Amino acid sequence: MNVHRVLTITKKELRGLANEKTILLAILLQLFIALFSSFLMVGLSAMYDPTTYGSISGVKYGVGVVGNDTILKGLLDENPSFKSYQMNLSVALGALKERKLAAVIWTSETPPESVDPVSLTLYTIKNDIQSAVIEVKIKEVFLKYEDILRDVRSDRITKHPVTITSARPVNSNTFYEFIYALLIPLLLFMPAIISAGLVIDLITEEYQQQTIDTLRTTPASMNEIIWGKISACILLVPMEAGLWLVLLILNRIRIGSLPEILLQVIFASSALILVAALLALYYQDRTKSQFIFSTAAVILLLLTLAFPGNPLNIIAQLASESPAPLFWPVLFVFICFCIILTLLIRVTVRKATETS
């Protein structure tokens with residue numbers, strides 16, 4: 001195989017991709033997301049766990065309290081997120097409607113020591129982001145209020161609940177988990193999925209538009225033409241993944257072990273791209289190849305996630321600067337897989353050349 005001819009075809013394909021508006025728009029969209037990743041992560045992490053809202057906001061919210069329950073008003077004043085105001089219901093709801101208050105709580109006249117149940121009604125603005133924050137934050141106050149009522153009425157309890165103690169304390173950080181365990185691995189493998197779909201289009205369009213025979217009249221062999229297209233798609237992976245990493249770092253997200261992360265992404269992505277290229281050469285039809293590749297990718301992803309040492313876990317461990325003992329064994333497996341796929345592609349190209 002002539003490396004110079006392969007590189008020439010690779011450059012030609014990359015120049016062609018630069019003129020493809022769809023590809024450029026996809027890259028620009030990724031760039032836009034990465035540039036504002038710090039801002040977008042607040043919303044995305046809230047979708048992952050809505051309680052994140054409560055840990056991010058540091059604003060003090062005004063809450064109108066209707067009724068004579070001083071216990072609840074005292075709990076609201078103890079919480080640094082709230083400032084309570086004793087009001088009547090009509091005035092409080094008017095202030096809420098004019099957004100002078102963030103919420104209104106109406107408590108029933110039932111005293112805590114009464115045998116009747118105590119009811120609370122929370123009024124917030126419908127379909128409002130601030131209301132989502134209030135509902136999360138005020139839940140802590142309501143839980144404390146519930147505990148106080150349980151203590152006041154404990155003499156009526158005939159059966160005591162079983163207390164379950166965890167074997168070890170679990171301190172979770174949702175924002176940390178979302179960034180390192182979900183967002184970074186997904187962002188880094190997104191270029192692999194795009195490139196895999198792209199290589200199918202580049203190969204099958206030569207067959208479907210019947211330009212493959214014209215290409216054979218050039219000095220480049222069929223093998224060099226195919227590998228030029230595959231190389232162009234593989235080169236996009238480190239370029240896009242590297243761009244993601246740089247932009248995430250610029251957004252003050254600390255990422256460790258950058259060379260190891262890029263190595264893992266390149267070889268895992270190359271395996272996916274080679275599988276796509278093999279399917280494109282075998283079927284020579286874009287629709288069939290894309291459908292079978294999509295199905296195979298989902299199956300491979302589910303099988304890979306069944307193992308603890310899958311690439312997504314390793315990327316998360318490396319990015320968070322945690323030990324990743326399976327990094328080199330998994331990398332070796334992907335290198336071997338790429339070599340096997342390379343041999344299969346060479347055999348498939350030779351058979352396709354002989355039969356045409």
Side-chain angles (χ1 to χ4, degrees), residues 1-3 5-7 9-10 12-14 16-17 20 23 188-213 215-216 220-241 263-307 310-312 330-356:
M1 185 185 299
N2 189 316
V3 178
R5 290 174 186 164
V6 173
L7 290 176
I9 296 168
T10 302
K12 171 186 167 295
E13 296 295 343
L14 288 175
L17 291 175
E20 285 285 339
I23 300 298
L188 292 180
F189 282 107
M190 188 186 296
I193 297 171
I194 295 174
S195 293
L198 190 61
V199 78
I200 290 176
D201 289 349
L202 291 179
I203 293 174
T204 54
E205 73 177 2
E206 302 291 358
Y207 287 99
Q208 292 189 309
Q209 295 180 9
Q210 298 180 348
T211 53
I212 195 71
D213 295 328
L215 290 175
R216 285 175 185 162
S221 66
M222 184 68 180
N223 214 25
E224 292 164 349
I225 293 168
I226 296 299
W227 280 105
K229 295 177 182 295
I230 294 173
S231 301
C233 295
I234 290 177
L235 278 175
L236 288 176
V237 172
M239 291 166 61
E240 289 187 63
L263 271 177
Q264 191 75 25
V265 170
I266 289 170
F267 282 101
S269 303
S270 298
L272 200 63
I273 293 168
L274 291 174
V275 169
L278 186 62
L279 290 172
L281 284 167
Y282 182 79
Y283 289 102
Q284 301 178 3
D285 181 85
R286 181 180 180 278
T287 305
K288 285 183 182 176
S289 302
Q290 291 284 10
F291 174 74
I292 294 173
F293 170 74
S294 302
T295 308
V298 172
I299 294 171
L300 284 174
L301 179 64
L302 293 176
L303 289 175
T304 304
L305 291 177
F307 296 96
N310 63 71
L312 297 179
V330 171
L331 186 65
F332 178 74
V333 169
F334 275 112
I335 292 173
C336 293
F337 193 43
C338 288
I339 293 173
I340 294 171
L341 288 169
T342 301
L343 295 174
L344 288 174
I345 288 174
R346 289 177 65 88
V347 171
T348 308
V349 170
R350 190 176 68 240
K351 286 184 178 178
T353 307
E354 290 172 355
T355 55
S356 60

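Heavy atoms only: backbone and side chains are in, while hydrogens, waters and symmetry mates are out. Computed from a prediction, not measured in an experiment: that's the story for all the values here.
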Tested for side chain to side chain contact (heavy atoms under 4.5 Å, CB included) against F293, the lone hit among L300, I193, I200 is I200
Rounding to 0.5 Å, atoms CD1 (I335) and CD1 (I340) come to a distance of 12.5 Å
Heavy atoms of A276 and A196 approach each other most closely as CB-O, 3.4 Å
So CD1 of I226 and CD1 of I345: to nearest 0.5 Å the spacing works out to 9.0 Å
CZ of F334 to SG of C336, rounded to nearest 0.5 Å, is 11.5 Å
Shortest non-hydrogen pair, C338 vs S270, comes out as SG-CB, 4.0 Å
Result for side chain to side chain contact (heavy atoms under 4.5 Å, CB included) between V199 and one of L278, L274, I234, I230 points to I230
Any sub-3.5 Å donor-acceptor pair from T10's side-chain atoms to G228's backbone N or O?
yes
Paired with L281, the side chain to side chain contact (heavy atoms under 4.5 Å, CB included) test is passed by just one of L344, T204, T348, namely T348
Can you check side chain to side chain contact (heavy atoms under 4.5 Å, CB included) on T287 and F291, steps first, answer last?
CA-CA 6 Å; T287 305; F291 174 74; 5.6 Å; no
In terms of heavy-atom contacts, L188 and V265 come closest through O-CG1, 3.6 Å
Q. Taking C-beta and beyond as the side chain, do W227 and T342 meet within less than 4.5 Å on heavy atoms?
A. yes
Counting only heavy atoms from other residues, nucleotides and ligands, does the tally under 6.0 Å from OH of Y282 exceed 12?
no
Closest non-hydrogen atoms of A271 and L341, given as atom of the first, atom of the second and distance, are O-CD1, 3.5 Å
The reported gap from CZ in F189 to OG in S195 (rounded to nearest 0.5 angstrom) is 12.5 Å
Heavy atoms of D201 and Q290 approach each other most closely as OD1-NE2, 3.1 Å
dist Y207:OH -> Q284:CD (nearest 0.5 Å) comes out at 4.5 Å
Rounded to the nearest 0.5 angstrom, the CD-CG distance for Q208 and D285 is 5.0 Å
In terms of heavy-atom contacts, K229 and E206 come closest through NZ-OE2, 2.8 Å
